[in-house]
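One structure below.
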Amino acid sequence: MLGKIKPNFQQNLFQTRLTDLINLEHPLVKLAGELDWSKMEFEFQNLYSEQGRPSIPIRKIAGLLLLKEMFKESDESVVERWIENPYWQYFTGEYFFQNKQPFDPSEFVHFRKRLKEKGLEFILSQTVALHPEAKNEKEVQIDTTVQEKNITFPTDAKLAKKVIDNCTKIAEKEGVKQRQTYKRVAKQHLRDAYFGHHPKRKKKAIMARKKLRTIGKRVVRELERKLPEEILKQYETEFSNYKKYSLRKETARKKYTVYTNLKQPV
């Protein structure tokens, strides 16, 4: 059956009340007072039977799920940190400081299975509902310092491989039959060019880069020969950028400029 946390205003000689330990102006204390915990209990009461052993209170396990998401903890670590953090205990509805785990971390698995995706979305939506004006904001500032970026270092091998692939796409689009597409060969040469700083792979990587550069020049010259002049003018900018990668003595900044200009044909 659905478990609930009963209010306890009576003093305990052997336990310390949390309100005597914490700062009532702490953000988690304020958030605990703003969230509608009774609404959560009403939303999930149909998921529990009316008879049987009382379950873990909704506020306790739902509050720990919110703390887990806010502080990026695992199921095990959020329970361990709960024991030593009085603010977390207050947030989940405790009145006195506890020195034992509230429940086994495996209970999170059973609770998520019971709620399913809609129930978890409802819990997270309660924090969003506290700031309805955020939906109307025109600008949102996000710190992406540690976010993964879709950026690759513009090496010679990658530049040549991109030129070969783009020339193949242009040939397919314009109906030009190439003598060879070099798809499989270029992919293998690119693999061979990896980790070229290693003494055992240095010679092989240098040869792979040279071959990729040669193939890139070859496919560009082939398209310039076979494409009609009126169509060739449409790709004049692309072919101009494709030829720039062959300049061997380039700075990293120039290479990056060339790499970003190697646009794929529309």
Side-chain angles (χ1 to χ4, degrees), residues 1-49 52-116 119-135 137 140-147:
M1 59 182 294
L2 180 62
K4 295 183 179 181
I5 298 178
K6 298 180 180 179
N8 188 348
F9 303 106
Q10 186 174 358
Q11 294 293 341
N12 192 315
L13 182 62
F14 303 102
Q15 287 183 304
T16 305
R17 187 172 287 274
L18 288 173
T19 52
D20 297 334
L21 295 175
I22 62 177
N23 178 14
L24 299 180
E25 297 298 322
H26 191 275
L28 277 180
V29 177
K30 292 183 178 180
L31 181 60
E34 294 177 358
L35 287 173
D36 192 350
W37 301 104
S38 59
K39 185 178 181 180
M40 288 189 191
E41 293 181 355
F42 179 78
E43 182 72 18
F44 302 138
Q45 64 181 359
N46 294 330
L47 303 177
Y48 296 85
S49 62
R53 180 174 62 88
S55 67
I56 300 170
I58 293 295
R59 176 171 179 177
K60 183 174 292 185
I61 192 167
L64 275 167
L65 274 178
L66 288 173
L67 292 171
K68 177 179 177 294
E69 293 298 325
M70 285 190 289
F71 294 94
K72 305 301 180 184
E73 299 286 342
S74 64
D75 290 352
E76 292 78 11
S77 62
V78 72
V79 174
E80 292 175 357
R81 287 192 60 187
W82 183 88
I83 302 174
E84 59 190 29
N85 197 320
Y87 291 99
W88 286 20
Q89 295 186 16
Y90 182 87
F91 183 78
T92 54
E94 293 291 342
Y95 291 93
F96 297 95
F97 185 77
Q98 306 295 322
N99 52 15
K100 295 182 180 179
Q101 287 188 355
F103 49 80
D104 191 85
S106 61
E107 293 292 341
F108 282 119
V109 180
H110 305 309
F111 185 66
R112 283 191 288 261
K113 287 182 179 180
R114 187 187 296 269
L115 297 187
K116 298 182 179 179
L120 294 173
E121 289 179 355
F122 174 80
I123 292 176
L124 296 177
S125 67
Q126 297 307 299
T127 57
V128 180
L130 298 176
H131 305 283
E133 66 279 358
K135 299 179 181 179
E137 291 184 1
V140 178
Q141 295 182 354
I142 302 175
D143 184 8
T144 62
T145 306
V146 296
Q147 182 180 356

Going from [atom1] on [X] to [atom2] on [Y], what distance comes out if it is rounded to the nearest 0.5 angstrom?
| X | Y | atom1 | atom2 | answer |
| --- | --- | --- | --- | --- |
| I58 | I123 | CD1 | CD1 | 7.5 Å |
| K116 | L47 | NZ | CG | 9.0 Å |
| R17 | I22 | CZ | CD1 | 11.0 Å |
| L67 | E69 | CG | CD | 10.5 Å |
| E76 | Q101 | CD | CD | 9.5 Å |
| K60 | E107 | NZ | CD | 11.5 Å |

**Chi angles and distances behind the side chain to side chain contact (heavy atoms under 4.5 Å, CB included) call for L18, E94** = CA-CA 8 Å; L18 288 173; E94 293 291 342; 3.9 Å; yes

**Request:** Measure from the ring center of F91 to the ring center of W37 and say whether it is less than 6.0 Å.
**Result:**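 Ring centroids of F91 and W37 are less than 6.0 Å from each other.
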
**Item:** Face-on cation placement of R114 at F44 ring, 6.0 Å and 45° thresholds
**Value:**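 The answer is no, since R114 fails at least one limit relative to F44.
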
Can you give the donor-acceptor pairs under 3.5 Å from side chains of residues 23-33 to other protein atoms, not counting sequence neighbours?
unit_1 : atom_1 : unit_2 : atom_2 : d
N23    : OD1    : E25    : N      : 3.1
E25    : OE1    : K30    : NZ     : 3.3
H26    : ND1    : L28    : N      : 3.1

**Message:** My understanding is that only residues two or more places apart in sequence, or in another chain, count here; which of them pass side-chain hydrogen bond (donor to acceptor under 3.5 Å, both in side chains) with R112?
**Reply:**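 D75.
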
**Request:** Apply side chain to side chain contact (heavy atoms under 4.5 Å, CB included) to the pair Q98 and I83, showing each step before the final yes or no.
**Result:** CA-CA 6 Å; Q98 306 295 322; I83 302 174; over 6 Å; no

**Message:** Pair W88, V78 - check side chain to side chain contact (heavy atoms under 4.5 Å, CB included), show working.
**Reply:** CA-CA 10 Å; W88 286 20; V78 72; 3.7 Å; yes

**Request:** List the steps, then state whether side chain to side chain contact (heavy atoms under 4.5 Å, CB included) holds for F122 with M40.
**Result:** CA-CA 8 Å; F122 174 80; M40 288 189 191; 4.2 Å; yes

**Request:** Evaluate the side-chain proximity of T92 to P102: yes if any heavy-atom separation is below 4.5 Å, no if none is.
**Result:** no

**Asked** Counting only heavy atoms not in F71, do more than 12 sit closer than 6.0 Å to its CZ atom?
**Response**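 Enclosed.
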
**Message:** Ring-plane angle category for F103 and F108, please: parallel below 30°, perpendicular beyond 60°, tilted otherwise.
**Reply:**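 Correct class here is perpendicular.
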
